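Worksheet: one structure, shown below.
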Amino acid sequence: MDKSKPDLGRFVVSLRDEDKGAFKTPTLREVEHTTPYMHDGRFQTLEEVIEHYDKGGIPNPQLDRRLKPLHLSARDKADLVAFLKSLSGEGWQQVKAPGEFPR
Ligand code: HEM
């Protein structure tokens with residue numbers, strides 16, 4: 001929503017005003033290995049993602065009210081990155097992708 005012609009996300013399909021700027025939250029499984037992040041790939045590192053959330057996202061009229069400045073300490077941020085990196089591992093690789101996705 002910080003671009004002059006933003007990608008309006010789910011709104012393009014639903015035409016519901018509240019869906020402007022809404023994007024499906026991707027799985028965080030293996031997130032350490034799936035850079036770049038967010039629908040437009042604007043962040044290269046998990047540290048950048050955490051900084052984004054710490055600031056409370058980018059102010060805009062569509063911003064979800066659950067996104068607000070967090071005032072995380074350096075330790076909090078490092079812990080969050082460590083948590084995100086813990087979401088990788090063996091054991092799920094045999095799971096098949098669904099044949100179709102919800103509309
Ligand atoms: C500190 C708290 C949070 C952390 C650490 C976190 C972590 C992440 C990460 C790592 C991604 C990138 C996933 C990817 O691109 O592969 C992401 C995306 C996303 N998160 Fe969060 N998240 C947090 C809070 C929230 C909250 C509060 C909401 C909803 C109000 C939210 C909704 C979303 C959505 C919709 C996306 C996709 C955005 C896009 O594609 O542009 N997250 N989150």
Side-chain angles (χ1 to χ4, degrees):
M1 302 305 282
D2 56 345
K3 301 281 190 272
S4 58
K5 285 189 185 168
D7 182 341
L8 294 178
R10 180 177 291 165
F11 172 81
V12 175
V13 180
S14 71
L15 301 181
R16 290 179 350 165
D17 222 49
E18 66 264 32
D19 285 346
K20 280 186 182 158
F23 292 87
K24 183 175 183 295
T25 312
T27 180
L28 295 181
R29 187 175 267 169
E30 299 294 326
V31 71
E32 178 183 6
H33 303 122
T34 58
T35 185
Y37 303 114
M38 310 319 228
H39 66 277
D40 56 1
R42 63 176 53 202
F43 301 128
Q44 304 299 316
T45 65
L46 291 172
E47 286 78 4
E48 288 174 71
V49 177
I50 299 297
E51 287 302 327
H52 165 76
Y53 280 116
D54 189 45
K55 289 193 183 76
I58 297 165
N60 77 83
Q62 299 296 132
L63 190 66
D64 190 296
R65 60 187 168 77
R66 289 167 293 185
L67 291 177
K68 43 187 138 185
L70 298 175
H71 310 293
L72 298 173
S73 66
R75 177 68 190 265
D76 292 334
K77 292 175 188 176
D79 285 351
L80 274 170
V81 170
F83 167 71
L84 290 169
K85 289 186 175 177
S86 79
L87 303 176
S88 302
E90 300 296 318
W92 60 271
Q93 282 81 359
Q94 77 289 351
V95 176
K96 293 200 168 49
E100 60 180 276
F101 292 98
R103 289 169 183 272

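Order of appearance sets the numbers: ligands from 1, and atoms from 1 within every ligand. Predicted model, so just to flag it, every value in this text is computed and none were measured.
- Of all the listed residues (T35, D64, I50), D64 holds the heavy atom that lies closest to atom 30 (C) of ligand 1.
- Across the listed options F23, Y53, Y37, F83, Y53 owns the non-hydrogen atom lying nearest to atom 4 (C) of ligand 1.
- In this structure, atom 41 (O) of ligand 1 lies nearest to the protein heavy atom H39 ND1, 2.5 Å.
- The ligand atoms of ligand 1 that sit less than 4.0 angstrom from a heavy atom of R66 are 30 (C).
- In this structure, Q94 places its CD atom where more than 12 heavy-atom neighbours from other residues, nucleotides or ligands lie under 6.0 Å away.
- Under the 4.0 Å distance rule, the nearest protein heavy atom to atom 34 (C) of ligand 1 falls inside the cut-off.
- Listed here is the closest heavy atom pair of M1 and P6: CA-CB, 3.8 Å.
- Near V49, with a cut-off below 4.0 Å to any heavy atom, the atoms of ligand 1 are 9 (C), 10 (C).
- Aromatic ring pairs are classed by plane angle as parallel below 30°, tilted from 30° to 60° and perpendicular above 60°; the pair F23 and H39 is parallel.
- Using modelled atom types, no side-chain atom of D17 and backbone atom of L15 make a donor-acceptor pair closer than 3.5 Å.
- Between K77 and E51 there is a salt bridge, since a side-chain N of the basic residue sits under 4.0 Å from a carboxylate O of the acidic one.
- Near L67, with a cut-off below 4.0 Å to any heavy atom, the atoms of ligand 1 are 26 (C), 27 (C).
- Atom numbering of ligand 1 starts at 1 in the shown order; those under 4.0 Å from a heavy atom of P26 are 13 (C), 14 (C), 15 (O), 16 (O), 37 (C).
- A salt bridge between K20 and D7 is absent, with no side-chain N of the basic residue lying under 4.0 Å from a carboxylate O of the acidic one.
- Counting heavy atoms only, M38 comes closest to atom 12 (C) of ligand 1 of the residues M38, R42, R29, R65.
- Remark: the backbone N or O of G91 is paired with a side-chain donor or acceptor of Q93 at under 3.5 angstrom.
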